[in-house]
Amino acid sequence: MQGLNDDPDYPPSWYAATAQSGPPAPPLDGDVQCDVCIIGGGYTGLGAALRLAQAGIAVRLIDQARIGWGASGRNGGQAHVGQRRDPEWLERAVGPDDARHLWRIAIDARDHLDRLIADHGIACDFTPGLFHVDHKRRYCAHSRAAVERLRTHYDYPHVDYVDGEQLAEMLGARGYHGGILDRRGGHLHPLNLALGMARAAYAAGARLHERTRATGLARATGGWRVTTDRGTISAARVILAGNGYLHGLSRPVEARVMPINNYIAVTEPLGEARARSLIRDNVAVSDSRFVVYYFRLTPDHRLLFGGGENYRWRFPADIPGFVRPHMLRVFPQLADARLEYGWGGTLAITPTRMPFVRDLEPGLTAIGGYSGLGVVLAPYFGKLIGDAIVAGSDDFNRLTRLPVPPFPGGRWLRWPTLVAAMSMFALRDRL
């Protein structure tokens, strides 16, 4: 299979080494017009482009680098079901009725992922099962209660509580005491999902432009003008789907959606028997740390492990060396395993960890800040933006009411304030 490691625009990841081909997406060349311009070639932008193109709307999508170059093509590939905050938190924040609607939207998003993969023949190695494990014993009571609440109040029978004895049979991991197994969760190849969505959007009529950086955004006659380093796009509507990569295009978004870096390493092939001694049932695993550890097996029997964050603009020089101590804390038996890949990615978080979905001005929509749950939510939220443009959408309108205040500290202090808060929570993980 032709990989993408030879392309310097993609990080040298296991995903790039095993990626499929994308559709034609030449840089923008000159000045053009369209109905909708989308800034950002990740899951959200591609989901919107696909929906709009299927409705016959002239849409152009631009990305500063490559399709899936950002978080959509670098993440852990974990397919979580639900919103980033649990139903109990949502009930307090938005009330029981909206909490139930938000849960239903999350279920719709999970169903949409199945349809997206099946309808467009996207070969992204989807594998069912996601295990959320508790790294502190006192968290187990909350996990038991969460399972009961999902089963009885939210009609979600796909979860089971797993106690410490069962967990020890399922995982060869150190330091966990119980957890929740979600059979509707899972894991997949995230870059191949993005490239498959791009092929579907292109086939439906969307025009895609890689290596085209948006440098400015201004109102114009009939809508908006997007200035790029390759020309301009005049459009009736603009969708900001750049997540943590908007680079000054919208202060209201950047006040609420902030980037943080996360790192992944992948071992050499371990062989099927050794790989299954780590994760018996080949499910994805994430834990209860604030700075989450997450891990899974690849189809060629490697361990893919995500762990460690920093809040600097630059990635560590030795990413495998940065991730290794985190991996060995969970899997000390892998001390002899060589790490063949290591890469970093920038995801975006919000103060409440809920996505920021807003019509900022007439004809200007922004969405981002999935806070780690973008694999399932982002393709569907992109579709919902398309639905809202085509015919209106009550679900989209409900998303715009999610509580997402600005980060504290104002324009100049919000970054150091975020760093201080994240560092404090990371310290709490170790206590």
Side-chain angles (χ1 to χ4, degrees), residues 42-44 47 71-72 75-114 116 130-132 139 142-143 145-159 179-187 190 241 243-244 256-258 260 284 286-290 292 294 347-358 366-385 387-388 393-405:
Y43 298 143
T44 303
S72 294
N75 65 78
Q78 300 212 349
H80 294 261
V81 179
Q83 303 289 348
R84 181 61 174 80
R85 305 304 293 263
D86 62 30
E88 188 175 6
W89 185 94
L90 289 171
E91 288 173 11
R92 293 194 303 268
V94 300
D97 289 342
D98 265 5
R100 291 180 185 280
H101 282 296
L102 288 168
W103 177 258
R104 195 257 310 152
I105 288 172
I107 298 301
D108 290 346
R110 177 64 189 84
D111 293 341
H112 174 259
L113 180 64
D114 283 343
L116 192 66
L130 191 144
F131 198 4
H132 178 79
Y139 292 175
H142 181 271
S143 292
V147 167
E148 181 65 18
R149 191 175 194 86
L150 288 173
R151 284 176 166 273
T152 59
H153 293 275
Y154 286 84
D155 192 26
Y156 189 70
H158 307 290
V159 287
I180 300 172
L181 180 63
D182 186 346
R183 295 182 299 279
R184 283 290 286 151
H187 57 95
N243 208 26
R256 295 165 174 84
V257 178
M258 293 192 66
I260 62 172
S286 65
D287 73 12
S288 56
R289 288 176 170 86
F290 183 83
V292 177
Y294 51 93
L347 58 95
I349 63 172
T350 67
T352 59
R353 301 300 185 268
M354 297 300 292
F356 178 64
V357 182
R358 295 291 188 276
I367 183 165
Y370 295 101
S371 303
L373 262 67
V375 170
V376 174
L377 295 181
Y380 188 62
F381 282 21
K383 174 190 175 298
L384 289 181
I385 293 172
D387 289 343
S393 168
D394 290 340
D395 283 346
F396 175 81
N397 294 335
R398 186 168 279 107
L399 294 176
T400 66
R401 300 198 295 269
L402 287 171
V404 185

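All residue numbers refer to positions in the sequence shown, counting from 1.
With rounding to the nearest 0.5 angstrom, the CE atom of Met258 is 11.5 Å from the OG1 atom of Thr350. To the nearest 0.5 Å, the span separating CG on Asn75 from NE2 on His187 amounts to 13.0 Å. The OG atom of Ser286 sits 10.0 Å away from atom CG of Asp182, with the distance rounded to the nearest 0.5 Å. We find the CG-CZ distance between Asp98 and Arg104 to be 10.5 Å, quoted to the nearest 0.5 Å. The distance from the CG atom of Asp387 to the OH atom of Tyr380 is 7.0 Å, given to the nearest 0.5 Å. Here the straight-line distance linking atom CG of Leu102 with atom CG of Asp395 works out to 9.0 Å at 0.5 Å rounding.
Ring-plane geometry between Tyr156 and Trp103 is classed as perpendicular, the angle between the planes exceeding 60 degrees on a 0 to 90 degree scale with a lower cut at 30.
Salt bridge annotation for Arg398-Asp394: absent, with no cationic side-chain nitrogen under 4.0 angstrom from a carboxylate oxygen. A salt bridge links Asp111 with Arg184: the closest approach of a Lys/Arg side-chain nitrogen to an acidic carboxylate oxygen falls below 4.0 angstrom. Asp155 and Arg100 are not joined by a salt bridge, as no carboxylate oxygen comes within less than 4.0 angstrom of a charged side-chain nitrogen.
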Show, in sequence, the C-alpha distance, side-chain angles and deciding distance for Val94 and Arg401, and conclude whether the side-chain contact (heavy atoms from CB on, under 4.5 Å) test is met.
CA-CA 9 Å; Val94 300; Arg401 300 198 295 269; over 6 Å; no

Take Leu150 and His158 through the test side-chain contact (heavy atoms from CB on, under 4.5 Å) and record every step on the way to the result.
CA-CA 9 Å; Leu150 288 173; His158 307 290; over 6 Å; no

List the steps and the verdict of side-chain contact (heavy atoms from CB on, under 4.5 Å) for Arg149 and Glu91.
CA-CA 12 Å; Arg149 191 175 194 86; Glu91 288 173 11; 2.5 Å; yes

For side-chain contact (heavy atoms from CB on, under 4.5 Å), just list the numbers for Thr400 and Phe396, CA-CA rounded to whole Å, side-chain angles, deciding distance to a tenth of an Å, and then say yes or no.
CA-CA 7 Å; Thr400 66; Phe396 175 81; 3.8 Å; yes

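Taking every heavy atom of both residues into account, Pro157 and Arg151 meet most closely at O-NH2, 3.5 Å. Residues Val404 and Pro355 approach most closely at CG2-O, 3.4 Å, considering heavy atoms. Here the shortest heavy-atom pairing between Ala146 and Ile180 reads CB-CD1, 4.1 Å. Here the closest heavy-atom approach between residue Leu116 and residue Pro379 is recorded as CD2-CB, 4.1 Å. The shortest heavy-atom contact between Pro351 and Pro405 is CG-O, 3.1 Å. Shown here for Gln83 and Leu377, the closest heavy-atom pair between the two residues is OE1-CD1, 3.7 Å.
A donor atom on one side chain and an acceptor atom on the other are not found under 3.5 Å apart for Tyr370 and Asn243.
Within the 3.5 Å criterion, the main-chain N or O of Tyr43 finds a donor-acceptor partner in the side chain of Ser72. Using modelled atom types, no side-chain atom of Arg84 and backbone atom of Arg353 make a donor-acceptor pair closer than 3.5 Å. In this structure a side-chain-to-backbone donor-acceptor pair under 3.5 Å is missing from Arg110 to Ala79. A distance-only check finds no donor-acceptor pair linking the side chain of Gln78 to the backbone of Tyr294 [under 3.5 Å]. Checking side-chain atoms of Thr352 against main-chain N and O of Pro403 turns up a donor-acceptor pair under 3.5 Å.
Counting heavy atoms from C-beta outward, Asp287 and Val292 have side chains that approach closer than 4.5 Å. The side-chain heavy atoms of Ser371 and Met354, taken from C-beta on, include no pair separated by under 4.5 Å.
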